[in-house]
Amino acid sequence: MVQYRRVSEHTFTTIFEPFRIHSVEPLRMTTLDERRSALAGAGFNLFKIHAGDVLIDLLTDSGTGAMSRDQWAALQHGDESYAGSPSYFLFHDAVTDLFPFSHVIPTHQGRAAERILFSVIGGPGKIVPNNTHFDTTRANVEFTGAQALDLVIQEARDPSSSHPFKGNMDIAALERLLAERADDVPVVFVTVTNNSGGGQPVSLENLREVRRVADAHGKPVFLDACRFAENAWFIRTREPGQGARSVPEIVREMAGLADGMTMSAKKDPMGNIGGWLAMNDDDLARQCRDLLILTEGFPTYGGLAGRDLEALAQGLTEVVDHDYLRYRIRSTEYVGQSLLEAGIPVVQPIGGHAVYIDARALLPHVDPLEYPGQSLAVALFEAGGIRTCEIGTVMFGRQPDGSEQAASLDLVRLAIPRRTYTQSHMDYVIEVCRHVAARADALPGYRIVEEPPTLRHFTATFAPIA
Ligand SMILES: Cc1ncc(COP(=O)(O)O)c(C=O)c1O
């Protein structure tokens, strides 16, 4: 008998996409002149660029992921009944398998869930604490006249701090707030992972502390849970004692520490559209459903097609897969580490869905009120057709009283769509970033030419300052 030499199990380190490509979309290469004219035509606002002119689109990880073969197949099962569609029940069961709340209300995306919830529990004089409000969450809180208060730990404000759970809530600050103003606080929110704070996770220990403090004042806790699976993976890999648990188990514990959630299903649930609102409180759920019917649709579809609900139900089973999450978090980390090695300042540790370049540190000659993040984002598009997103003074600088203040950080977010780009696409991104960073001292500041009263980053126009 032939004796084969035996190999022992070996852990290879190549970043391995746990899928192969089934259908491809072409990417169009552009010239420098074409990109310059696209920028001028868009008033230097990357949201206004035609996506066909973008080579690598890192504007957002929201709704931009690739659906799987099984999600495309699930679309065919979509049942478009107006009321009581079987697709709703499938969706409901997939959601409650991970988040066992009594009421699950589909919405067309996350901000619709926010709008409905805060219309019921917000209002003038109210104050909503969160680790860091995402921009739409803040806008929906403030639209009702309430105050959106960010209470993230101090380490989160230092881009170079390597705290493993930089999304954590500052528990002492939450205690102080509730001791002083409990009557005005309708809910305590926790965003997992903390998108505006750098995609940083929240630990289970911190969630338990939030629960303890909220319980002491009889307040509900809600999760803004868009990136729950990435958060759970960080808990599994970083939090002592969690390494042997499965991601679904950790997610269920996170959900068990909350009374409800808002969700944009365009992130971890792997949808191109969708969201939901879930909660245990029957009376609150009734009020939310009443509002849902007014703007979103009947409570068993909430602005989504039956086929969307099917795709989300399938996506929820795929996102908690450990091979997928290992690849996802490692590939984001690879981009971040490569930029760091090139001397480009990035928020550390590297977050789950995105790498955040510290534009204020890279462009120290640009005053925060001249938008260093916008300047860097424009330069990355001009140089290499890479579309990114400013998360800084453009996004957060305009205050409710109309004044303007520098945001706490000026970041440029490179958000990585799920399962969409390959390793060589990421190597190209790194090369372009290095090229731009080497010329950072020549980048101009910007001024705003026109802006709307809220969420100005989506539609404002800019001009470079000579
Ligand atoms: C943390 C967080 N909350 C809420 C939202 C809003 O979700 P949507 O874009 O689906 O309205 C987002 C979207 O990026 C987000 O990242």
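Keep in mind that the numbers below use all heavy atoms, side chains included, and drop hydrogens, waters and symmetry copies. Counting convention: from 1, in listed order, for ligands and their atoms alike.
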- request: Can you sort out which atoms of ligand 1 are near Glu114, meaning under 4.0 Å from one of its heavy atoms?
  value: 3 (N), 4 (C)
- prompt: What's the shortest distance from atom 10 (O) of ligand 1 to any protein heavy atom, and which residue and atom give it?
  reply: Ser264 OG, 2.6 Å
task: Calculate, to the nearest 0.5 Å, the distance between atoms OG1 and CZ belonging to Thr300 and Phe91 respectively.
output: 11.0 Å
- prompt: For Thr136 and ligand 1, does the shortest N/O to N/O distance drop below 3.5 Å?
  reply: no
- request: Around atom 3 (N) of ligand 1, find the nearest protein heavy atom and jot down its residue, atom name and distance.
  value: Asp224 OD2, 2.8 Å
- prompt: Does a salt bridge link Arg252 with Asp97, judged by any charged N lying under 4.0 Å from a carboxylate O?
  reply: yes
message: I'd like to know if the side chain of Glu318 pairs up with that of Ser68 as donor and acceptor (distance under 3.5 Å, no hydrogens or angles considered).
response: yes
Gln109: numbered ligand 1 atoms lying under 4.0 Å from its heavy atoms: 8 (P), 9 (O), 10 (O), 11 (O)
message: Under a 4.0 angstrom heavy-atom cut-off, which atoms of ligand 1 come close to Arg227?
response: 1 (C), 15 (C), 16 (O)
message: Using side-chain heavy atoms (C-beta onward) and a distance below 4.5 Å, is Thr459 in contact with Phe47?
response: no
- prompt: Between Phe165 and Phe234, does the ring centre distance come in under 6.0 Å?
  reply: no
message: Show me which atoms of ligand 1 lie under 4.0 Å from any heavy atom of Cys226.
response: 1 (C), 2 (C), 3 (N), 4 (C), 15 (C)
- prompt: Would you call Asp215 and Arg211 a salt bridge, using N to O less than 4.0 angstrom?
  reply: yes
task: Identify, for atom 13 (C) of ligand 1, the protein heavy atom at the shortest distance, and state residue, atom and that distance.
output: Lys267 NZ, 2.4 Å
- prompt: Between Gly110 and ligand 1, is there a nitrogen or oxygen pair with a distance under 3.5 Å?
  reply: yes
- request: Give the residue, atom name and distance (to 0.1 Å) of the protein heavy atom nearest atom 11 (O) of ligand 1.
  value: Arg111 NE, 2.7 Å
query: Under 4.0 Å between a Lys/Arg side-chain N and an Asp/Glu carboxylate O for Glu114 and Arg138?
result: no
message: Geometry only, no angles: is Asn195 polar-contacting ligand 1 at N/O separations under 3.5 Å?
response: yes
query: What atoms in ligand 1 come closer than 4.0 Å to a heavy atom of Thr191?
result: 1 (C)
field: Identity and separation of the nearest protein heavy atom to atom 5 (C) of ligand 1
entry: Phe134 CD2, 3.4 Å
query: Judging by distance only, is a nitrogen or oxygen of Lys266 under 3.5 angstrom from one on ligand 1?
result: no
Candidate list Phe189, Phe143, Phe222, test ring pair (Phe, Tyr, Trp, His ring centres under 6.0 Å), partner Phe118, passing option: Phe189
- request: Drop me the distance from Leu151's CG to Ile153's CD1, to the nearest 0.5 angstrom.
  value: 12.0 Å
